[in-house]
S.K.: 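Here it is, the structure, as structure tokens.
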Amino acid sequence: MLVSENKATLTVGGKERTYDVLSGSCGPDVIDIRKLYGDTGCFTYDPGYKSTASCESALTYIDGEQGVLLHRGYPIGQLAEHSSFMEVAYLLLNGELPSQQELDEFTWTITRHTMLHEQLATFYRGFRRDAHPMAIMCGVVGALSAFYHDSTDISDPEHRIISSHRLIAKMPTIAAMAYKYSIGQPFLYPDNSLSYTGNFLRMTFGVPAEEYDLHPAVEKAVDRIFILHADHEQNASTSTVRLAGSSGANPFACIAAGIACLWGPAHGGANEAALNMLREIGTPDRIQHYIDRAKDKNDPFRLMGFGHRVYKNYDPRATVMQKTVREVFDALKVDDPVFETALRLEEIALNDDYFREKKLFPNVDFYSGIILSAIGFPTTMFTALFALARTVGWVAQWNEMISDPDQVIGRPRQLYTGPTERDYVPIGSR
Ligand code: SDX
């Protein structure tokens with residue numbers, strides 16, 4: 001970062017103070033207020049952190065006004081078109097696109113970590129069959145720290161790398177096992193001859209009784225969906241992982257915390273909620289009623305898959321996702337009317353003053369569920385796939401934080417509005 005020539009001047013209690021403005025490689029400058037409380041005795045107040053940069057990062061850049069998303073400088077559209085999820089994972093972790101040899105070695109390392117400790121399979125049997133896969137993911141990923149003591153010393157760079165590879169490698173196995181458990185089918189072990197994504201699809205939809213017929217178009221579409229979900233700056237779940245990691249918690253516990261946060265319908269749970277909403281709307285003639293509900297301040301209903309804290313333009317991931325719907329429908333000869341409903345809803349909303357004024361556009365979650373449903377995933381698995389892919393970003397962000405020499409435990413303050421000091425009143429006198 002660079003100290004800008006601009007300065008920020010603040011007058012508190014009649015006293016003027018000046019603060020540095022710091023510039024990154026692109027995007028908004030930041031006002032360095034690290035000394036503000038010591039200087040003024042005041043905190044800043046920013047619920048939801050709408051105007052707060054929590055850290056310095058070189059991983060992902062978003063320009064919400066322009067609808068730009070870069071991973072280590074590469075536009076998401078180009079990565080979705082030309083790269084693979086394993087290559088994007090390498091890029092996010094290491095900062096540069098890999099050579100063929102580097103990619104082969106990285107992929108082989110990840111492949112060799114896809115098996116789970118055999119005792120973890122019994123962990124699943126503690127859940128009800130109808131447990132939500134995200135509940136299972138929270139539990140099983142958190143439990144990994146009980147099995148891999150040889151990679152939980154975060155001060156050891158080797159441990160950090162091994163635990164990073166284990167988390168990226170085991171998420172598909174854990175997610176696939178959550179699905180198998182929910183439908184009462186046997187778990188399948190990983191097959192090292194398949195790609196990362198092909199292996200996940202076989203563990204999810206294959207059965208021991210016959211060979212699994214991996215559809216190349218499905219493998220490519222799911223791999224692209226993983227790329228689109230890999231990382232996204234300091235979103236709620238990534239910030240959760242960073243905050244958990246700032247206390248020195250082991251990486252498995254930190255990723256479990258990220259999974260818990262991602263589950264919320266305002267965040268990663270929106271893909272499941274969006275498809276459920278589209279199915280509830282049903283036919284295009286019912287769209288206006290839901291648009292009217294979304295605009296009604298007295299109605300808590302929101303258009304799921306619409307709006308974003310940062311994007312005030314079309315989410316570039318939604319653009320790729322919409323194109324992928326058509327590819328999957330053509331490949332699988334699917335014709336789900338819910339896609340037409342989604343296209344029509346988007347068209348009506350984007351021509352409605354309410355959505356235009358509030359700059360509410362489709363986000364990554366609006367179309368993803370349509371694709372995943374066409375491939376055969378139940379809606380309950382949608383956020384589990386989001387967590388599987390976002391583990392790459394969480395792990396990369398966690399590594400960046402842990403290796404930052406300025407890293408300290410995150411500990412926000414508050415504006416206290418509770419009772420001032422008062423004496424205890426014995427129960428007989430209340
Ligand atoms: C993800 O942060 C990330 O990067 C997240 C993510 C990632 O990759 O990690 O991109 C993934 O979480 C995408 C978002 C998925 N969530 C949804 O699709 C749920 C529906 N969307 C909203 O709940 C909402 O848009 C948020 C949560 C996404 C963003 O909320 P903000 O930034 O806090 O904005 P807000 O709630 O203050 O809304 C601003 C205004 C409000 O109206 P006013 O109070 O100003 O009158 O817009 C309205 C809101 O009521 N609004 C909506 C709306 N989203 C916002 N109105 C109707 N439908 C919506 N979807």
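Start at 1 and go down the list; that is how both ligands and their atoms are numbered. No experiment lies behind these values; they were computed from the predicted model shown.
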S.K.: For ligand 1, which atoms have a heavy atom of Lys50 less than 4.0 angstrom away?
M.R.: 37 (O)
S.K.: For Asn250 and Ser163, which I'm curious about, is there any donor-acceptor pair between the side chains at under 3.5 Å?
M.R.: no
S.K.: Examine the side chains of Asp29 and Ser23 and answer whether a donor and an acceptor come within less than 3.5 Å of each other.
M.R.: yes
S.K.: With heavy atoms of Lys297 as the reference, note each atom of ligand 1 found under 4.0 Å away.
M.R.: 42 (O), 43 (P), 44 (O), 46 (O), 50 (O)
S.K.: May I have the step-by-step check of side-chain hydrogen bond (donor to acceptor under 3.5 Å, both in side chains) for Gln66 and Asn313, ending in yes or no?
M.R.: CA-CA 6 Å; Gln66 300 302 316; Asn313 200 323; 5.4 Å; no
S.K.: How close does the nearest protein non-hydrogen atom get to atom 57 (C) of ligand 1, and which residue and atom is it?
M.R.: Ala294 O, 3.7 Å
S.K.: Do the side-chain N and O atoms of Glu233 and Ser57 include a donor-acceptor pair separated by under 3.5 angstrom?
M.R.: no
S.K.: Is any heavy atom of the protein nearer than 4.0 Å to atom 12 (O) of ligand 1?
M.R.: yes
S.K.: Which is closest to atom 3 (C) of ligand 1 in terms of heavy atoms, Arg317, His308, His229?
M.R.: His308
S.K.: Below 3.5 Å, N or O to N or O, backbone or side chain included: is there any such pair between Lys358 and ligand 1?
M.R.: yes
S.K.: Give the numbers and elements of all ligand 1 atoms closer than 4.0 Å to a heavy atom of Met304.
M.R.: 18 (O), 19 (C)
S.K.: Any non-hydrogen protein atom below 4.0 Å of atom 52 (C) of ligand 1?
M.R.: yes
S.K.: Relative to the heavy atoms of Ala270, which atoms of ligand 1 are at a distance of less than 4.0 Å?
M.R.: 15 (C), 16 (N), 17 (C), 18 (O)
S.K.: Taking atom types as modelled, is there a side-chain donor on Glu280 or Asn276 under 3.5 Å from an acceptor on the other?
M.R.: no
S.K.: Looking only at non-hydrogen atoms, which of Leu303, Ile291, Asn235 approaches atom 60 (N) of ligand 1 most closely?
M.R.: Leu303
S.K.: Assess the residue pair Thr60 and Asp231 against the criterion (side-chain hydrogen bond (donor to acceptor under 3.5 Å, both in side chains)); give the C-alpha distance rounded to whole Å, side-chain angles, the decisive distance to 0.1 Å, and a yes or no.
M.R.: CA-CA 7 Å; Thr60 291; Asp231 190 49; 2.6 Å; yes
S.K.: Taking 4.0 Å as the limit for heavy-atom contacts, which would you say applies to Leu360 with ligand 1: side chain only, backbone only, both, or neither?
M.R.: side chain
S.K.: To check your reading of the model: name the closest protein heavy atom to atom 4 (O) of ligand 1, its residue, and the distance in Å.
M.R.: His232 ND1, 2.5 Å
S.K.: Given Lys359, Arg302, Arg309, which one has a non-hydrogen atom that is nearest to atom 36 (O) of ligand 1?
M.R.: Arg302
S.K.: Give the ring-plane orientation class for Trp263 versus His132, where under 30° counts as parallel, over 60° as perpendicular and anything between as tilted.
M.R.: tilted
S.K.: Are Asn399 and Ser164 close enough, and set up right, to give a side-chain hydrogen bond (donor to acceptor under 3.5 Å, both in side chains), and what steps lead you there?
M.R.: CA-CA 8 Å; Asn399 276 289; Ser164 300; 2.9 Å; yes
S.K.: Could you list which atoms of ligand 1 come closer than 4.0 Å to a heavy atom of Gly305?
M.R.: 17 (C), 18 (O)
S.K.: Are Ser246 and Gln407 linked by a side-chain donor-acceptor pair shorter than 3.5 Å?
M.R.: no
S.K.: Tell me whether ligand 1 is touched by Arg390 - counting only heavy atoms on the residue side and a distance under 4.0 Å.
M.R.: yes
S.K.: How far is atom 28 (C) of ligand 1 from the closest protein heavy atom, and which atom is that?
M.R.: Gly307 O, 3.7 Å
S.K.: Can you find an N or O of Asp365 that's nearer than 3.5 Å to an N or O of ligand 1?
M.R.: no
S.K.: Hey, are Thr44 and Asp46 close enough side-chain-wise for a donor-acceptor pair under 3.5 Å?
M.R.: no
S.K.: Is the Tyr181 ring parallel, tilted or perpendicular to the Phe187 ring (thresholds 30°, 60°)?
M.R.: tilted
S.K.: Considering only heavy atoms, which of Tyr354, Tyr311, Phe306 lies nearest to atom 48 (C) of ligand 1?
M.R.: Tyr354
S.K.: Are side-chain N/O atoms of Arg279 and Ser373 paired as donor and acceptor at under 3.5 Å?
M.R.: yes
S.K.: Determine the interplanar angle of the Phe386 and His229 rings, folded into 0 to 90°, and report it as parallel if under 30°, tilted if 30 to 60°, perpendicular if over 60°.
M.R.: perpendicular
S.K.: Looking only at heavy atoms, is any part of Glu233 under 4.0 Å from ligand 1, and if so is it the side chain, the backbone, or both, or is it neither?
M.R.: neither
S.K.: Nearest protein heavy-atom contact for atom 16 (N) of ligand 1: which residue, which atom, what distance?
M.R.: Ala266 O, 2.9 Å
S.K.: Where is the nearest protein heavy atom to atom 14 (C) of ligand 1: which residue, which atom, and how far?
M.R.: Asn363 ND2, 3.5 Å
